[in-house]
Amino acid sequence: MKDAAATFSIPQGRFELRKAGAEQAEEMLHLLTEAAVVMEQQGLKQWHPSLFTLELMNQYLAEREVYILWHEEKAAGMFTLQYGDPAYWGERDDPGFGYLHRLTVRFSYRGLGLGEKMLSFTEAYLLSKGAKGFRLDCVSHLPTLNDYYQRHGFQFVAEQDMGGRKVNLYEKTFPSQ
């Protein structure tokens, strides 16, 4: 395993956030597929299990930075990070920002603040790289998810129509360095 990018200790134990490599593609697939199944069981229309394939995981690894959160060598969560997102941000796209995608926490680990820890790590990481800020998109029809990002300091920028699926664009701009 690679060295930890960050370590979090909470009452439930120690968690390590590590950059993923090709050997973790199947673990990524399991995390995202499991999250999609839980969403469907809860009646949430966001991700579908068929969306995720091993080929897509390898594409993520080739085109993005992928981080997996580990607890006692079990994957507890993950996210991807990229520097530009013209598909969602169109004319607003700016490679000076970091763009978060696929943030998920395994169902058995939810409610422990791990999503917030991964967001905080990403913000500090982007600040250390001199980024202008931190961006993400969120389906507009899930108010709880939109509220989550707003509570963590993300400001609404615009609603974007992705061919019948509407997403809200959010950003957190960093002070000039």
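All values below come from the heavy atoms of this structure, side chains included, with hydrogens, waters and symmetry mates left out. On a predicted model such as this, the values are computed, not experimentally measured, just so you know.
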TODO: Could you tell me the separation between the CD atom of Glu73 and the CD atom of Glu27, rounded to the nearest 0.5 Å?
DONE: 10.5 Å

TODO: Taking the six-membered ring for Trp and the single ring otherwise, decide whether the centroids of Phe121 and Tyr67 are under 6.0 Å apart.
DONE: yes

- [ ] For Phe52 and Ala36, work out which heavy atoms get closest and say how close.
- [x] CE1-CB, 4.1 Å

Open item on the list: With heavy-atom distances below 4.5 Å as the criterion, would you say the side chains of Met28 and Leu61 are in contact?
Closed with: yes

Task: Donor-acceptor contact present, side-chain Arg14 to main-chain His71, <3.5 Å - done: no

Open item on the list: Clusters formed by hydrophobic residues whose side-chain heavy atoms approach within less than 4.5 Å: which one holds Val37, and what are its other members?
Closed with: none

Open item on the list: As a test of understanding, state which of Arg102, Met118, Glu65 forms a side chain to side chain contact (heavy atoms under 4.5 Å, CB included) with Phe79.
Closed with: Met118

Task: Contacts of type salt bridge (Lys or Arg N to Asp or Glu O under 4.0 Å), residue Lys132, not counting sequence neighbours - done: Asp94

Open item on the list: Whether the side chain of Gln24 engages the backbone of Gly21 through a donor-acceptor N/O pair (distance < 3.5 Å, no angle test) should be reported.
Closed with: yes

Task: Heavy-atom side-chain contact between Glu116 and Tyr148 under 4.5 Å - done: yes

- [ ] Would you verify whether the NZ or CZ of Arg135 falls within 45 degrees of the ring axis of Phe97 while also being under 6.0 Å from that six-membered ring's centre?
- [x] yes

TODO: Would you please indicate if the ring centroids of Tyr109 and Phe15 are separated by under 6.0 Å?
DONE: yes

Task: Asp93 side-chain N/O to Trp89 backbone N/O, donor-acceptor pair under 3.5 Å - done: no

TODO: Measure up the Tyr88 and His101 rings against each other and bin them: parallel (under 30°), tilted (30 to 60°), perpendicular (over 60°).
DONE: tilted

TODO: State, with a plain yes or no, whether a side-chain heavy atom of Ile10 is found less than 4.5 Å away from one of Leu114.
DONE: yes

TODO: State, to 0.1 Å, how close Leu126 and Gly133 come at their nearest heavy-atom pair, and which atoms those are.
DONE: CD1-O, 4.0 Å

- [ ] Examine distances only and state if a side-chain atom of Asn168 and a backbone atom of Asn146 form a donor-acceptor pair shorter than 3.5 Å.
- [x] no

Open item on the list: Nearest 0.5 angstrom please: Met162 CE to Ser140 OG, how far?
Closed with: 12.0 Å

TODO: Answer yes or no: is there a side-chain heavy-atom contact under 4.5 Å between Val167 and Glu159?
DONE: no

Task: Gap between atom NE2 of His152 and atom CG of Asp147 - 0.5 Å precision - done: 11.5 Å

Task: Listed partners of Arg64 passing salt bridge (Lys or Arg N to Asp or Glu O under 4.0 Å), at least two apart - done: none

TODO: Report yes if the side chains of Gln155 and Lys172 come closer than 4.5 Å at any heavy-atom pair, otherwise no.
DONE: no

Task: ring-ring contact (aromatic ring centres under 6.0 Å, His included) partner of Phe134, the single match among Phe154, Tyr99, Tyr149 - done: Phe154

